[in-house]
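Working notes, structure below.
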Amino acid sequence: MTIFVVKNYPIPQHTVVSIDETLAQLQSDVADLFKYQEKLSELKKKQIQENLKIEVAEGIQELASLADSINTLSSQLEAKMLNFKRVAIETNKAYRAIHLDANLKATGIEQPGFQGWKPLSIWQLHHSAVPAVVEGKMGFILTARTVNLSEVNTERDAQRRAEAAEERRKAFEHWLAERRQF
């Protein structure tokens, strides 16, 4: 059996120990280090998971706020579109009155063809849509909502939807403010 003097190790200096005892102590220390490393790795994984959960929760709150804002703006845009339609109809009446006589003369005998013809409408109605965000089972869906500009009562409905969206936005902001206090 060989005896060594071990220096700078947790064993007191100049203590005579056997190689077997030193090796056993080192193996025990290495095993303890592996256990600590595993625990540290588990703690890091848990911390990463917690950080991701916080990030997701904050992201969902921001998405909900943005969705509400988009829907509010869409309702306001729909109301503006209906107002545009109203103004266009009124303006078009005057435009038609100005150009009706010119069109009759352009199609008459003195001016053959349609060279001087003017359109009898300064606006056209095409498919119209505004963006909308819908919260579904799988998350948020950014889509479009058709705006029916051909209905007469649509302006009042759009105004009501804009007001309802504004009320939802205020309620959501109030709810967020309450959640931040906790």
Side-chain angles (χ1 to χ4, degrees), residues 39-107 111 113-182:
K39 286 182 182 179
L40 182 60
S41 178
E42 288 176 26
L43 289 173
K44 284 182 181 180
K45 287 178 184 178
K46 285 181 182 179
Q47 183 63 44
I48 289 170
Q49 287 296 319
E50 288 300 314
N51 289 344
L52 289 173
K53 287 178 183 178
I54 291 170
E55 185 178 337
V56 167
E58 289 173 352
I60 288 173
Q61 283 181 343
E62 186 174 0
L63 284 171
S65 176
L66 289 169
D68 191 53
S69 178
I70 288 170
N71 290 336
T72 299
L73 290 171
S74 292
S75 294
Q76 293 170 353
L77 180 59
E78 183 177 0
K80 294 288 185 186
M81 292 167 73
L82 291 167
N83 191 35
F84 174 86
K85 175 189 169 190
R86 182 188 58 75
V87 171
I89 288 171
E90 292 301 316
T91 305
N92 200 59
K93 288 177 186 176
Y95 178 84
R96 285 178 58 131
I98 291 171
H99 294 288
L100 189 59
D101 286 337
N103 283 343
L104 290 175
K105 289 179 184 175
T107 58
Q111 291 187 3
F114 294 101
Q115 296 169 351
W117 185 80
K118 302 273 188 210
L120 292 179
S121 183
I122 59 171
W123 75 293
Q124 295 179 10
L125 180 62
H126 291 276
H127 177 77
S128 299
V130 293
V133 180
V134 180
E135 189 171 352
K137 291 180 182 178
M138 300 301 290
F140 296 92
I141 302 167
L142 181 60
T143 185
R145 181 173 44 85
T146 301
V147 178
N148 189 353
L149 294 174
S150 61
E151 290 184 14
V152 176
N153 294 332
T154 307
E155 184 173 348
R156 279 184 253 133
D157 292 340
Q159 186 63 32
R160 282 187 217 127
R161 281 194 300 272
E163 290 170 1
E166 183 66 21
E167 289 175 11
R168 285 192 311 271
R169 182 188 62 77
K170 288 178 183 177
F172 180 72
E173 288 178 354
H174 179 71
W175 178 81
L176 279 178
E178 287 178 353
R179 302 286 277 170
R180 289 183 186 134
Q181 290 176 356
F182 291 103

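Just so it is clear, the values below take in all heavy atoms, side chains as well, and ignore hydrogens, waters and symmetry mates. Residues take their numbers from the sequence shown, with the count starting at 1.
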Practice item. Might you work through the side chain to side chain contact (heavy atoms under 4.5 Å, CB included) test for Gln49 and Lys45, ending with a clear yes or no? Key: CA-CA 6 Å; Gln49 287 296 319; Lys45 287 178 184 178; 5.6 Å; no
Review point. What are the two closest heavy atoms between Phe140 and Val133, and how far apart are they?
Key: CD2-CG1, 4.1 Å
Review point. Once you round to the nearest 0.5 Å, how far does CG of Leu82 lie from NZ of Lys85?
Key: 7.0 Å
Check your understanding: When rounded to the nearest 0.5 angstrom, what is the spacing between OG1 in Thr91 and CZ in Arg86?
Key -> 9.0 Å
Review point. Between Thr72 (side chain) and Asp68 (backbone), is there a donor-acceptor pair under 3.5 Å?
Key: yes
Review point. To the nearest 0.5 Å, how far apart are CD in Glu78 and CE in Met81?
Key: 7.5 Å
Study note, to complete from the structure: When every non-hydrogen atom of Ala64 is compared with those of Phe172, the smallest separation belongs to CB-CZ, 3.6 Å
Check your understanding: Are any of the side-chain heavy atoms of Ser75 and Asn71 separated by less than 4.5 Å?
Key -> no
Check your understanding: Is there a side chain to side chain contact (heavy atoms under 4.5 Å, CB included) between Lys170 and His174 once you walk through the steps?
Key -> CA-CA 6 Å; Lys170 288 178 183 177; His174 179 71; over 6 Å; no
Point to revise | Ion pair check, Glu42 and Lys46, cut-off under 4.0 Å | key: no
Review point. CD/Glu58 to NZ/Lys53 distance, rounded to the nearest 0.5 angstrom?
Key: 14.5 Å
Check your understanding: Distance only, no hydrogens: is a donor on one side chain within 3.5 Å (strictly under) of an acceptor on the other, for Gln47 and Asn51?
Key -> yes
Review point. Are the side chain of Ser74 and the backbone N or O of Ile70 linked by a donor-acceptor pair below 3.5 Å?
Key: yes
Check your understanding: At their closest point, which heavy atom of Ile122 faces which heavy atom of Asn92, and how far apart are they?
Key -> N-OD1, 2.7 Å
